[in-house]
Amino acid sequence: MSKYDLAVIGSGPGGYVAAIRAAQWGLKTVVIEKDGFLGGTCLHVGCIPTKVLLHHAEVYDHFKNAAEFGIEVKGIKLDWAAVLARKDKIVKKHSKGIEFLFRKNKVESVRGWGRIAGPGRVAVENGGKVTEMEVKNILLATGSEARSLPGVEIDGKTILTNREILSLPAIPKSLVVVGAGAVGVEFASIYNSFGTEVAVLEMLPRVVPLEDEEVSAELDKAFRKKGIKIHTEAQVQSVKKDAKGATVALKDKAGKSQTLAAEKVLIAVGRKPQTENLGLEKTKARVERGFIHTNAYLETDEPGLYAIGDIVAGLPQLAHAASMEGFIVVGKMAGKPVPEFDRKRVPNATYCEPQIGSVGLTEKQAREAGFPVKTGKFPFAANSKASILGQHEGFIKIVAEEKYGEILGVHVIGPLATEVIAEAVAAIQLEATLDDMMFTIHAHPTVWEALGDAFASVQGLAINA
Ligand SMILES: Cc1cc2nc3c(=O)[nH]c(=O)nc-3n(C[C@H](O)[C@H](O)[C@H](O)COP(=O)(O)OP(=O)(O)OC[C@H]3O[C@@H](n4cnc5c(N)ncnc54)[C@H](O)[C@@H]3O)c2cc1C
């Protein structure tokens with residue numbers, strides 16, 4: 001029987017990253033992956049292919065708006081097959097890249113369904129054949145799948161999840177997106193740019209409901225300006241296929257019944273953890289509605305069993321969160337000093353147009369947590385690089401603690417928001433104060449320098465607005 005220090009089940013951004021770091025730190029490591037390729041949801045049907053399509057949409061928007069930059073472009077035509085081919089090429093390249101990195105770091109990989117077979121044993125099933133291995137530690141990184149709504153049957157042709165909408169044979173004329181979280185608004189943005197008539201339905205009172213309220217209001221305004229229809233507090237009652245596509249029946253904000261017809265419907269109402277059939281019942285691990293409970297070092301209640309990524313109860317379902325959780329787990333296994341995982345330091349990045357980047361507490365969360373709060377806000381309309389880019393929408397909002405000026409949260413909506421947020425993540429990681437950040441030098445002219453003005457704005461000291 002093969003023997004390992006660590007068996008990782010799942011090769012997404014949690015599993016593959018943890019495996020490489022474990023090998024770098026001297027642990028004999030094997031990764032078990034059920035699919036015929038490495039990289040998980042993130043690389044194959046999540047982060048990467050969506051961002052490829054978003055980038056293509058942005059390039060297309062540049063051509064459509066070329067006149068603003070004094071460039072005359074005639075006969076713009078989108079070659080959808082070429083767009084999809086480029087997306088697939090990028091995904092394949094990076095999947096091969098993980099295979100290379102495994103070889104380089106001497107991480108073994110085995111194809112098959114992995115499961116806990118007993119204390120210190122993992123079974124792998126492939127094509128009816130089961131092999132077992134002896135392992136000191138087991139790391140579950142099995143990720144998640146799209147959820148549906150009760151009674152809504154996803155057929156993959158008309159009623160879709162994030163998987164099928166990435167490979168449609170043609171751009172749909174109309175699309176209803178159910179759910180206005182990160183996944184929903186990204187696809188709404190992509191297809192709106194490509195000319196699809198898009199409507200977004202959200203059960204809660206605002207789009208991107210996890211973001212600061214002012215960010216939601218700004219995105220709502222920007223989306224409506226682009227012609228995306230938004231229905232908040234909409235309760236979807238049914239989604240039925242018909243000859244022309246599908247019809248969505250809903251109860252609107254006022255309690256009135258409405259129907260929306262569209263060629264395609266995307267269901268983007270959240271992700272369910274893949275924790276069935278993993279042998280968890282043989283362990284002391286606590287599982288609640290499919291999610292696994294861990295402590296702040298990602299240890300379950302079963303000695304030697306760890307969980308990271310989309311399957312962990314109470315943690316954000318994000319690729320970079322999964323990777324950091326993996327670093328903490330294998331660091332502890334290898335006897336390295338590691339910090340607890342702090343969810344308040346996890347940035348959110350949503351790549352719709354305009355982009356959103358945020359970290360830390362929203363204003364409401366900070367007040368509810370009992371902090372005396374002061375805030376500041378700086379609009380991109382007053383940033384010279386945003387003018388150069390022709391992207392004036394949005395702002396940066398700072399949430400700070402009143403007495404010492406500790407930065408509690410930073411919320412960016414506008415150009416390059418998903419990159420601009422990086423400095424704020426470091427500021428929160430290092431427990432920086434407004435004074436620290438006001439004397440941090442920002443290169444000029446950059447979109448990022450708007451952060452300098454935003455930090456200063458909390459004290460009423462912004463220069464450019
Ligand atoms: C459309 C979309 C866009 C997204 N965009 C972003 C983004 O821009 N940024 C971001 O941070 N996050 C994004 N996410 C979320 C991100 O994809 C997930 O948070 C991330 O993939 C979780 O990583 P993971 O390692 O936990 O699991 P996954 O990436 O889901 O990987 C799990 C792996 O485990 C394998 N597996 C499962 N069970 C078994 C088993 N029993 N045996 C063997 N193998 C098994 C699966 O085949 C899979 O390869 C997006 C998600 C979606 C759906």
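We count ligands from 1, going down the list as the structure has it; atoms in each ligand are counted the same way. For the numbers below, each heavy atom of this structure counts, side chains included, while hydrogens, waters and symmetry mates do not. Predicted, not measured: the structure shown is a model, and the values here were computed from it.
- Note: no N/O pair closer than 3.5 Å links Arg271 and ligand 1 by distance alone.
- With a 4.0 Å heavy-atom cut-off, ligand 1 is reached by the backbone of Ser144 but not by any atom from C-beta on.
- Below 4.0 Å from some heavy atom of Leu278 lie the following atoms of ligand 1, by number and element: 41 (N).
- Between the side chain of Ser323 and the main chain of Pro13, a donor-acceptor pair closer than 3.5 Å is present.
- Atom CD of Glu281 sits in a crowded spot, with more than 12 heavy atoms from other residues, nucleotides or ligands closer than 6.0 Å.
- Every atom of ligand 1 with a heavy atom of Gln317 under 4.0 Å away is listed here by number and element: 15 (C), 19 (O).
- Contacts with ligand 1 closer than 4.0 Å are made by heavy atoms of both the backbone and the side chain of Leu318.
- Listed by atom number, the atoms of ligand 1 under 4.0 Å from Cys42 heavy atoms are 17 (O), 21 (O), 29 (O).
- By the 30° and 60° cut-offs, the orientation of the rings of Trp80 relative to Phe194 is perpendicular.
- The Asn162 neighbourhood of ligand 1 comprises atoms 1 (C), 53 (C), with distances under 4.0 Å to a heavy atom of that residue.
- Here CD1 of Ile228 is found 10.0 Å from CD of Glu353. Values are rounded to the nearest 0.5 Å.
- Shortest contact from atom 3 (C) of ligand 1 to any protein heavy atom: Gly46 C, 3.4 Å.
- Near Ala141, meaning under 4.0 Å from one of its heavy atoms, ligand 1 places the atoms 32 (C), 33 (C), 34 (O).
- Looking at His320 next to ligand 1, an N or O pair under 3.5 Å apart turns up.
- If you number the atoms of ligand 1 from 1 as listed, the ones under 4.0 Å from a heavy atom of Gly40 come out as 29 (O), 31 (O), 48 (C), 49 (O).
- Nearest residue to atom 26 (O) of ligand 1 from Thr41, Leu43, Asp310 is Asp310 (criterion: closest heavy atom).
- For the pair Arg206 and Glu202, the salt-bridge criterion is not met [side-chain N within less than 4.0 Å of a carboxylate O].
- Looking at Arg115 against ligand 1, nothing comes within 4.0 Å, counting heavy atoms.
- Near Gly309, with a cut-off below 4.0 Å to any heavy atom, the atoms of ligand 1 are 26 (O).
- Of all protein heavy atoms, the one closest to atom 25 (O) of ligand 1 is Gly14 N, 2.9 Å.
- His44 pairs by the ring-ring contact (aromatic ring centres under 6.0 Å, His included) definition with Phe37, not counting sequence neighbours.
- Using a non-hydrogen distance threshold of 4.0 Å, Ala349 does not register as a contact of ligand 1.
- The nearest protein atom to atom 8 (O) of ligand 1, hydrogens excluded, is given as Lys51 NZ, 2.7 Å; this is a heavy-atom distance.
- For ligand 1, the polar-atom distance check against Gly39 finds no nitrogen or oxygen pair separated by under 3.5 Å.
- Between Glu125 and Arg115 there is a salt bridge, with a side-chain nitrogen of the basic residue lying less than 4.0 Å from a carboxylate oxygen of the acidic one.
- For Arg345 and Glu431, the salt-bridge test passes: some basic side-chain N is under 4.0 Å from an acidic carboxylate O.
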Run the side-chain donor-acceptor check on residues 422-430: report pairs under 3.5 Å with partners two or more places apart or on a different chain.
from: Glu423; atom 1: OE1; to: His442; atom 2: NE2; distance (Å): 3.1
from: Glu423; atom 1: OE1; to: Trp448; atom 2: NE1; distance (Å): 2.6
from: Glu423; atom 1: OE2; to: His442; atom 2: NE2; distance (Å): 2.8

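- With a heavy-atom cut-off of 4.0 Å, Thr142 touches ligand 1 through backbone and side chain alike.
- In terms of polar-atom proximity, Ala319 is counted as a contact of ligand 1, with an N or O under 3.5 Å from an N or O of the ligand.
- For ligand 1, the atoms lying closer than 4.0 Å to a non-hydrogen atom of Val45 are 1 (C).
- Using the six-membered ring where Trp is involved, Tyr191 and Phe187 have ring planes that are parallel, under 30° apart on the 30 and 60° scheme.
- With hydrogens and angles ignored, the 3.5 Å screen pairs a side-chain donor or acceptor of Glu449 with a backbone N or O of Thr446.
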Candidate pair Lys282 and Glu302, rule salt bridge (charged side-chain N to carboxylate O under 4.0 Å, His left out), full reasoning: CA-CA 10 Å; Lys282 297 190 183 80; Glu302 174 75 23; over 6 Å; no
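- The environment of CD in Glu233 is crowded: more than 12 heavy-atom neighbours from other residues, nucleotides or ligands sit within 6.0 Å.
- Note that the CG atom of Leu315 and the OG1 atom of Thr294 stand 6.0 Å from one another [nearest 0.5 Å].
- Scanning all protein heavy atoms for the shortest distance to atom 31 (O) of ligand 1 gives Gly12 CA, 3.5 Å.
- Using 4.0 Å as the threshold, Gly112 has a heavy atom nearer than that to some atom of ligand 1.
- In terms of protein heavy atoms, atom 20 (C) of ligand 1 is closest to Pro13 CG, 3.7 Å.
- Scanning the protein heavy atoms around atom 36 (N) of ligand 1, the nearest turns out to be Lys34 CE, 3.9 Å.
- With respect to atom 49 (O) of ligand 1, the closest heavy atom belonging to the protein is Glu33 OE1, 2.6 Å.
- Between Asp35 and ligand 1, at least one pair of N/O atoms sits closer than 3.5 Å.
- Residue-environment remark: CD (Gln365) exceeds the threshold of 12 foreign heavy atoms within 6.0 Å.
- Cys47 N, 3.4 Å is the protein heavy atom nearest to atom 4 (C) of ligand 1.
- Of the N or O atoms in Gly114, one or more lie within a sub-3.5 Å distance of an N or O in ligand 1.
- Using a 4.0 Å cut-off between charged side-chain N and carboxylate O, Asp301 and Arg286 make a salt bridge.
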